[in-house]
Every structure is written in structure tokens, then in C-alpha cells.
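Report on one structure; see the data block that follows.
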Amino acid sequence: MDKNLDISVVIPVFNEQENLENIYQQVITALQNKYSFEIIFIDDGSTDDSCKVLENIHLKDTRVRAIMFRRNFGQTAAMSAGFNHAKADVIVPLDADGQNDPEDIPALVEKLKEGYDIVSGWRKDRKDKTVTRKIPSMMANWLIGQMTGVKLHDYGCSLKAYKREVLETINLYGEMHRFIPAIASWSGAKITEMVVNHRPRVAGVAKYGLERTIKVFLDLMTVKFLGSYATKPIYIFGGLGILSGFTAVLCGLAVLHMKYISSEHLAMNRNPFLLLTAILMVTTIQLILMGLLAEMIVRTYHESQKRPIYVIRKILESPRGDSK
Ligand code: UDP
Ligand code: MG
């Protein structure tokens with residue numbers, strides 16, 4: 001960490017050679033004379049000349065650092081590398097293609113100072129294709145809001161300002177950078193959003209299509225599961241198990257009633273209840289055992305990394321450290 005730095009700007013790059021010089025200049029113009037800052041570019045295995053362009057920028061400006069990946073690991077991995085190497089207390093990621101406007105950074109950073117942990121950009125007037133981008137994204141934002149309970153208009157906007165401590169406890173996988181606000185708010189982070197400028201891509205091509213929506217949806221399920229049940233998976237598996245066990249008992253009773261009281265046919269082709277009872281009983285046992293296995297996995301996960309199941313904001317110690 002570097003106390004002399006105000007802001008670390010983190011920029012993931014995948015085949016953006018024509019855009020890099022521009023975005024670099026724009027960040028400089030937006031921040032110089034106002035803040036001390038560093039820019040970290042992460043070259044996510046570009047196959048064009050992005051790497052060379054970054055080397056040149058780094059040579060002429062020591063505020064610029066670059067991390068070169070061996071291959072393409074994806075935007076989330078690139079951001080995560082940037083976060084891990086960032087030295088300032090405030091971290092601001094943004095896209096390399098110039099769609100985010102660095103002129104918005106000061107406002108986001110000032111908003112953080114009002115006591116927020118994350119200020120999330122909202123591309124209110126978004127300059128992307130309507131059918132493949134804006135509509136799926138509207139639906140995704142609504143769904144993420146419903147499922148995580150953290151309602152933001154624009155989860156997908158890369159431009160956000162984070163306090164470093166919020167990012168330190170979060171590990172990112174898949175396409176999960178968009179869920180950072182939700183995950184952080186579960187650990188008690190204060191979050192707000194702010195309208196930011198959005199511009200059309202000037203050069204290069206967009207890296208994603210509709211298939212991203214599916215990935216985001218699957219990630220959402222993982223995030224929701226981990227967020228709600230990471231330390232108590234038996235509640236969800238066991239809960240479903242009990243539900244299925246209860247249904248099994250009801251079906252079993254129906255079968256007994258039919259056989260002994262109303263003397264109905266129990267042949268499988270006419271009457272599903274016998275089969276249902278058997279299947280549901282097996283399912284019940286499976287679910288409960290899976291829940292117990294998950295409990296063991298969770299314990300291994302937390303205890304092997306000495307990960308506490310809580311997050312502390314600060315501790316008020318007595319001066320000599322003995323609080324007895
Ligand atoms: N990006 C990356 N790795 C990838 C895909 C994208 O680092 O595998 C970067 C890309 O260079 C850009 C940012 O992530 O800086 C956002 O990508 P893009 O503009 O294609 O996506 P969108 O604007 O649709 O979110
Ligand atoms: Mg873009």
C-alpha cells in the first residue's frame with residue numbers, strides 16, 4: 001500500500017491497441033493536478049499490439065504499470081489482478097475501449113468520501129446495441145436486484161469507485177466482477193450509485209455477445225447460494241430434503257389408504273403414488289446427505305484458510321491491549 005497515492009485506476013485490456021493511447025491521455029487529463037494516482041493496465045492475453053503499446057506508455061510515464069497475462073483469462077480475472085496489485089486506498093476500474101468516461105472519476109471518488117464504500121456507475125444513457133445489450137442487461141439488473149436484495153440500475157458498468165478494504169475480502173471467479181456490490185453489501189458495505197457518461201466504442205470490437213447473459217445468470221445462482229448459505233448449506237439441502245420427505249410420507253399414506261381402505265389398483269401404470277413415494281424417499285436421503293457433505297466442505301473451506309464467518313469493521317481496543 002502507498003499512502004501517497006489517492007487513486008489506482010485499473011484497466012483490463014483485450015485487443016484494444018487503437019484505444020489505449022486515448023484512454024491513457026483521458027485518464028491523465030481527468031486526474032492530473034487533482035489527485036496523485038497510478039494507472040494499472042492488465043493485458044489479458046491480447047493477440048494484437050496492445051502489449052507493445054502498453055510498454056511504450058509505461059516507458060514514458062512511471063505512473064503507468066502494466067501486468068501481462070500469459071493468455072486470455074477474461075475481464076474478471078484481469079480486474080482481479082489489477083485489484084491485487086493496486087497500491088492506493090481508492091480503486092477505480094474502467095474499460096479500455098473508451099466507453100467509460102474518465103472525466104467521471106473525480107465525482108465518483110468525491111462521493112466515496114461521503115462515507116460510502118462503493119460508488120457504482122450507472123450508464124443511464126447507454127450507447128450500446130438495444131437487442132443484444134440493453135434489453136438483456138435490463139432484465140439481468142432487475143433479476144440481480146431481486147435475488148441479492150441490492151438494487152442498482154446498472155450492475156454491468158465497469159466504472160465504479162471502491163474503497164480498497166471492500167475488495168480485499170472478495171475473491172472473484174467467472175464473470176463475477178459485476179456482483180462485487182452485492183457481495184460487498186452482504187458484508188455490510190455502504191453502496192450508492194451515480195449517473196455516468198457512456199460513449200460508443202470508437203475502435204476495435206466488443207468482446208461479448210448474448211452468451212454472456214447465460215453466464216451471468218449462472219454466476220448469479222452461485223453468488224446467491226454462497227451469499228445466503230455459504231456457512232450453512234444444510235439449511236437449503238436439508239430444507240429441500242425435509243420437503244421431499246414430507247411429500248414422500250403423504251404419498252406413502254395415500255398408497256396405504258388405497259391398498260387397505262379403498263382397495264384401489266396399485267399397478268404402476270395406473271397409479272403413480274407408489275413410484276413417487278419411492279423416488280421421493282431416495283431424493284430425501286440424497287439431499288440430506290448432500291447437505292452434510294456440503295457442511296464438511298464449508299468447514300474445510302473456512303478453516304483451511306482461517307477465513308472467519310464474519311467481517312469486522314474495526315475494533316476499539318483498550319490502550320494496553322488487555323480488555324479484561
Ligand atoms: N476485456 C478483457 N478480457 C476479455 C474481454 C474483455 O480484458 O476477455 C476488456 C476489454 O478490453 C474492455 C473491457 O474488458 O476493456 C470491456 O469489454 P467490452 O468493451 O468488449 O465489453 P462491454 O462494453 O460490452 O461490457
Ligand atoms: Mg465496451
Side-chain angles (χ1 to χ4, degrees), residues 8-27 39-54 57 64-86 91-102 104-105 120-141 144 152-160 172-181 196-217 219-220:
S8 294
V9 179
V10 169
I11 310 183
V13 174
F14 182 50
N15 294 345
E16 308 278 6
Q17 55 180 15
E18 304 93 339
N19 296 319
L20 295 174
E21 187 65 39
N22 276 341
I23 193 77
Y24 160 70
Q25 289 296 348
Q26 290 174 7
V27 174
I39 307 176
I40 305 174
F41 284 101
I42 305 90
D43 174 45
D44 184 14
S46 298
T47 49
D48 65 357
D49 281 335
S50 297
C51 210
K52 278 207 199 94
V53 181
L54 291 180
I57 300 178
V64 176
R65 296 195 284 150
I67 300 168
M68 316 293 186
F69 279 1
R70 279 194 184 270
R71 65 165 173 85
N72 179 244
F73 285 93
Q75 190 184 352
T76 299
M79 273 196 189
S80 180
F83 295 161
N84 289 338
H85 286 81
I91 301 177
V92 179
L94 59 96
D95 287 348
D97 58 3
Q99 293 201 266
N100 300 129
D101 187 350
D104 286 319
I105 300 176
S120 181
W122 169 14
R123 298 164 294 178
K124 199 168 180 180
D125 181 16
R126 192 170 163 186
K127 302 286 189 310
D128 276 319
K129 293 209 176 95
T130 309
V131 178
T132 53
R133 287 300 164 80
K134 290 204 265 188
I135 293 175
S137 150
M138 258 168 59
M139 294 184 328
N141 285 318
I144 299 173
L152 292 179
H153 287 93
D154 191 4
Y155 269 91
C157 182
S158 304
L159 179 58
K160 295 179 161 74
L172 298 176
Y173 300 91
E175 288 283 321
M176 279 186 193
H177 61 265
R178 74 193 58 244
F179 296 114
I180 298 174
V196 294
N197 191 10
H198 195 240
R199 311 178 289 190
R201 191 181 246 281
V202 272
V205 288
K207 309 296 180 302
Y208 303 103
L210 261 180
E211 80 287 350
R212 176 164 65 180
T213 319
I214 298 170
K215 292 187 185 164
V216 167
F217 178 71
D219 280 342
L220 174 62

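Here the structure is a predicted model, which means the values were calculated and not measured. Counting convention: from 1, in listed order, for ligands and their atoms alike.
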Any Lys/Arg nitrogen of D97 or R201 sitting under 4.0 Å from an Asp/Glu carboxylate oxygen of the other?
yes
So, do D128 and H198 sit near enough that their side-chain heavy atoms are less than 4.5 Å apart?
yes
Do N72 and D44 get their side chains close enough for a donor-acceptor pair, meaning under 3.5 Å?
yes
Within less than 2.8 Å of the Mg ion (ligand 2), the count of protein N, O or S atoms comes to 2
Does either side chain, that of D43 or that of S50, offer a donor lying less than 3.5 Å from an acceptor on the other one?
no
Ring-face cation contact, F69 with R71, 6.0 Å cut, 45° max:
no
Is D125 salt-bridged to K127, cutoff N-O under 4.0 Å?
yes
The test is side chain to side chain donor-acceptor pair (under 3.5 Å); show your working for Q26 and D101 and say whether it passes.
CA-CA 8 Å; Q26 290 174 7; D101 187 350; over 6 Å; no
Quick one, list the residues around ligand 1 where some non-hydrogen atom comes in under 4.0 Å, by chain and residue number.
P12, V13, F14, E16, D44, N72, G74, Q75, D95, A96, D97, Q99, R133, R201, A206, K207, Y208, R212
Going by atom types alone, do R178 and S158 pair a side-chain donor with an acceptor below 3.5 Å?
no
To the nearest 0.5 Å, how far apart are CD1 in I42 and CG in N84?
10.0 Å
